[in-house]
Amino acid sequence: MTDSKYFTTTKKGEIFELKSELNNDKKEKKKEAVKKVIASMTVGKDVSALFPDVVNCMQTDNLELKKLVYLYLMNYAKSQPDMAIMAVNTFVKDCEDTNPLIRALAVRTMGCIRVDKITEYLCEPLRKCLKDEDPYVRKTAAVCVAKLYDISSSMVEDQGFLDQLKDLLSDSNPMVVANAVAALSEINEASASGQPLVEMNSATINKLLTALNECTEWGQVFILDSLANYTPKDEREAQSICERITPRLAHANAAVVLSAIKVLMKLLEILASDSDFCAMLTKKLAPPLVTLLSSEPEVQYVALRNINLIVQKRPDILKHEMKVFFVKYNDPIYVKLEKLDIMIRLANQSNIAQVLSELKEYATEVDVDFVRKAVRAIGRCAIKVEPSAERCVSTLLDLIQTKVNYVVQEAIVVIKDIFRKYPNKYESIISTLCENLDTLDEPEARASMVWIIGEYAERIDNADELLDSFLEGFQDENAQVQLQLLTAVVKLFLKRPTDTQELVQHVLSLATQDSDNPDLRDRGFIYWRLLSTDPAAAKEVVLADKPLISEETDLLEPTLLDELICHISSLASVYHKPPTAFVEGRGAGVRKSLPNRSASAAGEESSSAEATVIPNQESLIGDLLSMDIGAPAAPAAPATNTSSICSEAAWTSYSAQTPPRKPQTTPPPLLLQQPRLLGDIFGIGQGLEIQGTFSRRNGQVFMDMTFTNKAMQAMTNFAIQLNKNSFGLVPGSPLQVAPLQPSQTTEASLQLGITGPVQRMDPLNNLQVAIKNNVDIFYFACLVHGNALFVEDGQLDKRVFLTTWKEIPAANEIQYNLHGIAGTADTVAAKMTANNIFTIAKRNVEGQDMLYQSLKLTNNIWVLLELKLSPGSPDATLSLKTRSVEVAAMIFAAYEQIIRSP
């Protein structure tokens, strides 16, 4: 008879009936009753009222009954913690049972009961089980430590369980080692510090590699994932690890294969790329990847997503395996599309004929989405493999002749890109494209056709008629088509002004007066003003040479690709997103990156000055308070590093007889020079108001101030003193302020040096100032604008930028969201350059503009930046990487002010 009888609803299923059966003296009756209780619990009935009766059944030698009771306890202990304490003695007793299965079951159940009161009693049994003579008990206890850490991390650390867990890495049983590695990995991810709890060294790695050959497949995955976090100390050790991991590539389990590939991909970064060993290893990686493609479709898809990453990083691995990515008729659409993408990545001059033949065949399929992708793929091949462009264009023309609507439209879209890539080469086919004008109904295809007509208007005799036909339904067109129509007509007018005057006026009127689209209206006004004020300038702007498009616009950004390679065989490699993008909390883990090559250009920055270490803040304003107001002003003295920097001798003074120096009136090259109130300090009838700002001119920091005398007497003999600060700012010259009569205002500009004593402030750019004159000493604090501290030699070489970005730990990367941004990537880059934030490179990735920038502070701290902009969107993401993360908040504040400035 099956166990389904326990799920039937009869009178015996009532709580009181079960209660009496649980207290029956016969063991068989008890077991039957417990099974009924578990069945009720499984279908969602509340049987918590039976807790004491079920717990009483724990006192038995029957392993099956004990398992059932433990299952009940795990489910209800959290809702009945006081009752669960009753079971503690039995747990402790079972942990010393002669049967290793019972010992393991007891420690496993205690680990699963997430009740603080029970965990206190778990420590001693767990400690014994970690040293148990039976490996099954030890491996169960290892996992229990990870569960206990999740409940109470401090208890695990205080009780020394981590050290015991580390000792299990040297266990003679490979499964114990695998479970210890899995537990430590879990604890590492949960660790608040994010730092590894076990230092991986050669000895530990050797133990793991020894256990790798003997443990189960999931044990192997845990060990390989742990090995992926280890960076060998030299190339020889990397080779040794590769040799011992390579046999895993022949494993039947796909997870083991992908985990092994992940480790090998990481180690390949350390090996010399031109070595024989590296070439041999590259050849060995291809067969296991190809084998994965003979699995079921779901596994194929996961393998293909991982292969996509591998091909982007190392295309040589699969360069001879093009045929395995050819689409089969019975492949699901998600597999077909992924194979298509990889085919394009592997396409080169030697295999392009084969690829084009396949793609042309795919374009005759019945699946519309797949056909569209296939046609686009032909265009991508033309752009990527230049010698084959003519053959690709010929193939596209053949497809246009089929007159299949969606094929024709996709072909026109990709031909537009081919024209951009190869100007003045294939324009002879325009007449063929124009024949299909009436069949175009998709916005992207119509916009592409309009662009072609506008760009090559001088070659199309009836270009004005063609564009006029589009204008008839202008209001009903998609915004993308409207924008292209506006630009195309203006291009036509600039090329043939005599016979298109009415057409251009008509389209400008439609764009500026009849449209609700702000983008279209703005573009219309710009063109109108350009054409009416300076047609020659309009011609230069509108008909300017366009940059050639790149064939690899869909490649992942290098740092993201490196991070995803470190996550091969995980969800991150399927989504092509870092774990932080879809996992919240501790599960996201620390960001990973590939190791740097030993021969990298890491030393190229060594010639630059060493970054100043900012010491911790000790006293905020103590030094300023030690000044003597009654003493006469002393002559200027050089800055000193002694603790008495605010003594009378350190003051810079101004004599009333000396004519005041006129402050510089040259407009600063930097932005954000709006004055703001630095201090507004009033005594009784002796007030001094100070307004001002910080700026950077001629490579120096300036403090520009406006003084207003609100006292009842004249003010003379001005002097200034700065407290110790994060950037060593000190007065570079005496403060020169003319005698100030009551209610009078005057300006002064003070050059600041950067050689003073350093003390960390909070916030970092906080500056405490004392102004002294004949009336009193006036204290105030202000914030130095971050951009005043950005030096002029902050531009890194591209290669050094990439190397430095990889070298800086992932934990040092901070992201900020920016809102309310206006302008394009180019205008943003120009603003930043004006403020000594230098753009190293610009890329377009999946429609987003990426700016890679660097800056250097006056204390030689380098900051690397990555800005992601979406055209037309007011939001952006700024990623910041630096070895001194404490400067991040100040940099972001300055960046935000600059990017929002007019």
Side-chain angles (χ1 to χ4, degrees), residues 311-312 315-316 318-320 322-323 325-327 337 339-364 370-404 406-437 440 444-445 447-460 484 544-555 843-846:
V311 166
Q312 287 185 57
D316 288 352
L318 290 161
K319 65 181 178 182
H320 300 304
M322 176 64 84
K323 282 189 176 180
F325 299 106
F326 286 173
V327 172
L337 296 178
K339 283 184 174 180
L340 203 57
D341 199 31
I342 295 169
M343 281 172 65
I344 307 306
R345 298 202 191 286
L346 292 175
N348 55 43
Q349 199 169 345
S350 62
N351 59 25
I352 192 68
Q354 206 176 18
V355 172
L356 277 179
S357 173
E358 278 289 311
L359 292 176
K360 191 174 180 182
E361 195 69 31
Y362 301 159
T364 61
F370 182 54
V371 171
R372 288 178 183 277
K373 291 280 186 184
V375 176
R376 292 222 175 191
I378 295 171
R380 284 174 61 188
C381 285
I383 293 166
K384 182 178 181 183
V385 188
E386 189 168 341
S388 71
E390 196 162 339
R391 186 184 291 176
C392 293
V393 170
S394 174
T395 305
L396 288 169
L397 286 175
D398 289 345
L399 292 172
I400 288 174
Q401 297 305 327
T402 63
K403 301 294 182 183
V404 177
Y406 54 86
V407 174
V408 172
Q409 303 204 68
E410 286 296 328
I412 286 173
V413 171
V414 295
I415 285 173
K416 182 255 294 182
D417 291 336
I418 293 171
F419 284 168
R420 283 282 308 276
K421 177 71 175 176
Y422 308 109
N424 304 315
K425 199 169 181 183
Y426 299 110
E427 284 73 19
S428 57
I429 67 170
I430 292 175
S431 58
T432 309
L433 303 182
C434 292
E435 291 171 8
N436 297 279
L437 206 58
L440 305 181
E444 193 176 4
S448 298
M449 194 66 229
V450 169
W451 182 88
I452 291 169
I453 295 169
E455 190 68 17
Y456 301 102
E458 70 278 12
R459 302 178 188 219
I460 305 172
Q484 283 295 356
D545 290 338
K546 292 157 193 64
L548 299 181
I549 62 172
S550 164
E551 72 276 6
E552 297 294 8
T553 51
D554 61 332
L555 285 178
R843 291 184 62 204
N844 187 284
V845 180
E846 294 180 357

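Along the sequence shown, residues are numbered consecutively beginning with 1. As the structure is a computational prediction, the values presented were derived from the model and not from experiment.
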Under the side-chain contact (heavy atoms from CB on, under 4.5 Å) test, residues paired with N351 that sit two or more places apart: M322, A347, N348, Q354, V355

Residue pair V413 / R376: nearest heavy atoms and the distance that separates them: CG1-NH2, 3.8 Å

Six-ring centre of Y422, K425 cation under 6.0 angstrom, axis tolerance 45°: yes

Listed once per pair and sorted, the side-chain hydrogen bond (donor to acceptor under 3.5 Å, both in side chains) pairs that draw on residues 391-403, sequence neighbours left out: K360-D398, K403-N436

Between F419 and Y426, ring centroids under 6.0 Å: no

Pairwise side-chain contact, M449 with C434, heavy-atom cut-off 4.5 Å (strictly under): yes

Reported OG-to-CD distance for the pair S448 and E455, which is rounded to 0.5 angstrom: 12.5 Å

Verdict with supporting geometry, D341 and R380, salt bridge (Lys or Arg N to Asp or Glu O under 4.0 Å): CA-CA 10 Å; D341 199 31; R380 284 174 61 188; 3.3 Å; yes

Nearest atoms (heavy-atom pairs only) where A377 meets I344: CB-CD1, 3.4 Å

Which atom of I418 lies closest to which atom of A382, heavy atoms considered: CD1-CB, 3.8 Å

F325 and L318, any side-chain heavy atoms less than 4.5 Å apart: yes

Short side-chain to backbone donor-acceptor contact, K384 and R345, under 3.5 Å: yes

Any L437 side-chain heavy atom under 4.5 Å of I453 side chain: yes

Smallest separation among heavy atoms of S388 and C381, with atom names: OG-O, 3.9 Å

For the student: nearest non-hydrogen atoms of E361 and T364, plus distance: O-OG1, 2.6 Å

L359 side chain reached by L340 side chain, heavy atoms, under 4.5 Å: yes

Side-chain heavy-atom pair Y362, M343 within 4.5 angstrom cut-off: yes

CA sep, side-chain torsions, deciding dist, call: I400, V407, side-chain contact (heavy atoms from CB on, under 4.5 Å): CA-CA 7 Å; I400 288 174; V407 174; over 6 Å; no

Approximate separation, where rounding is to 0.5 Å, of S350 OG and H320 NE2: 8.0 Å

Criterion side-chain contact (heavy atoms from CB on, under 4.5 Å) on I378 and V414, from CA distance to verdict: CA-CA 8 Å; I378 295 171; V414 295; over 6 Å; no

4.5 Å side-chain heavy-atom contact, V404 and V408: no

Nearest-0.5 Å distance, CD1 of residue I412 to CD1 of residue I429: 9.5 Å

Gap separating the CD atom of E386 from the NZ atom of K421, nearest 0.5 angstrom: 6.5 Å

Atom pair CG (L433) and CG (L397), whose distance is rounded to the nearest 0.5 Å: 7.0 Å

Within 6.0 Å of NZ in K339, more than 12 heavy atoms from elsewhere: yes

Heavy-atom check, side chain of R420 versus side chain of W451, under 4.5 Å: yes

Note, V393 side chain near I415 side chain (heavy atom, < 4.5 Å): no

